[in-house]
Amino acid sequence: MILLDGKTLSKKIIQKIKSNVDNMPVKPHLAVIIVGNDPSSRIYVKNKKIAADEIGIKSTIIELPESTTENELLMKIHELNNDSEISGILVQLPLPQHINKNNIITAISPLKDVDGFHPENVGKLAIGIEPYYYPATPQGIIMLLDEYNIPIEGADAVIIGRSNIVGKPMAQMLLNRNATVTICHSHTKNLEDKIKTADIVISAVGKKIVRCKMVNKNSVLVDVGIYKDSNGKLTGDIDFDFVSPDCGFISPVPGGVGPMTIASLMLNASKIHNI
Ligand code: GUN
C-alpha cells in the first residue's frame, strides 16, 4: 500500500504558487464572505486566510451576521464584482436557510469565481471548454493522482457522492481525462460490487462507507470525508485501518485531500482574470 501524501504535495504546490505570486507585478486579492457563526466554516475561512498570507495573496474576510438578507449579500457581491482591486470572491457555504445559495453563486462574476461554482464555469467544464476556475477539491484530487502517476485514461472510477462541490465536478474532470466514471449515491444498488471492481474510488459522503473486504489489491482510494468520530478523532469515509493493508494507494484523513483542497484553492486564488 502506498500513502497518497497530500500534506507533502500541498506544501510543494504552495511553494510553487508563492514563487509565481512573488513575480507578479499586481498581487491577487481574495475576498472571502462568511455569513453567520457556523464553527466549522469559521475554521475553514481562517485556514484559507493563513494559506493566502503565506503565499502573498492579499485577502479580506467579510463577516456578515446570520440575519443578513439575500439582497444585502447580493449587493455586497455586486460591489466586489465591480471592485478592480479584488481578483477573487469566495462565499463560504453553507449559507443560512433564508438565502438561496444558487442566486448567490450565480451573482459572482465568473472571472472572480475561485470556487468554480458559477453556472458559466460549471457549464464550460461540462462541455469541455476551459473554465476560468476548476472546483478546488476535484482539481486537488487530480493533482494528487498525477503526482503518483496513477493512470486516469481508461480507468474505472467510482465516485461516491453527487454534490455540486465534489461528486459532479469530479466526474466531469475524470471524464475529460477519459476515465469511465460511475457516480454512486444513496439510491445506488450493489455499491459494494462497484467499489470492489473499480480502479479508482473517490468517496465524498461524510460517513463510513468503504469498509474491510470491499476493495481490491490495486484499488486507488481517495477519501474526501472529514468529520469527528464518537471519540472526537478526525476520520474519513474509508475504514483506513482495515482497508489500507488490502489496497494499492490510499489517502489518509487528515493529511490527504484536505491540504490538497487548500493548495488547489490557492492556485485558483493566485490567478487574475479581471485585468
Ligand atoms: N463549504 C464546504 N466546501 C466548500 C467549498 O469548497 N467552497 C465554499 N465556498 N464553501 C464550502
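We count ligands from 1, going down the list as the structure has it; atoms in each ligand are counted the same way.
- Residues Ile238 and Asp223 come closest through the heavy atom pair N-OD2, 2.9 Å.
- Protein heavy atom at the shortest distance from atom 4 (C) of ligand 1 is Ile165 CD1, 4.0 Å.
- Residue Asp115 has at least one N or O atom closer than 3.5 Å to an N or O atom of ligand 1.
- Protein heavy atom at the shortest distance from atom 10 (N) of ligand 1 is Leu93 N, 3.0 Å.
- Heavy atoms of Tyr44 come nearer than 4.0 angstrom to ligand 1 in no pair at all.
- Looking at Gln92 and Asp38, their side chains never bring a donor and an acceptor atom within 3.5 Å of each other.
- Counting only heavy atoms from C-beta outward, the side chains of Ser59 and Lys48 never approach each other to under 4.5 Å.
- The nearest protein atom to atom 11 (C) of ligand 1, hydrogens excluded, is given as Gln92 NE2, 3.5 Å; this is a heavy-atom distance.
- Heavy atoms from other residues, nucleotides or ligands lying under 6.0 Å from CZ of Phe240 number more than 12.
- Contacts of Thr261 with ligand 1, taken as heavy-atom pairs under 4.0 Å, are absent altogether.
- Ligand-side atoms of ligand 1 in range of Val91: 8 (C), 9 (N), range being under 4.0 angstrom from any heavy atom.
- At a 3.5 angstrom cut-off on N or O pairs, Pro94 does not count as close to ligand 1.
- Relative to the ring axis of Tyr132, Lys271 does not place its NZ or CZ within 45° and under 6.0 Å from the centre.
- Ion pair Asp239/Lys208 not flagged as a salt bridge, since none of the NZ, NE, NH1 or NH2 atoms sits closer than 4.0 Å to an Asp/Glu carboxylate oxygen.
- A salt bridge is defined here as a Lys NZ or Arg NE, NH1 or NH2 lying under 4.0 Å from an Asp or Glu carboxylate O, and Glu120 with Lys124 meets this definition.
- Per-residue contacts place Leu90 under 4.0 angstrom from the following atoms of ligand 1 (heavy atoms of the residue considered): 9 (N).
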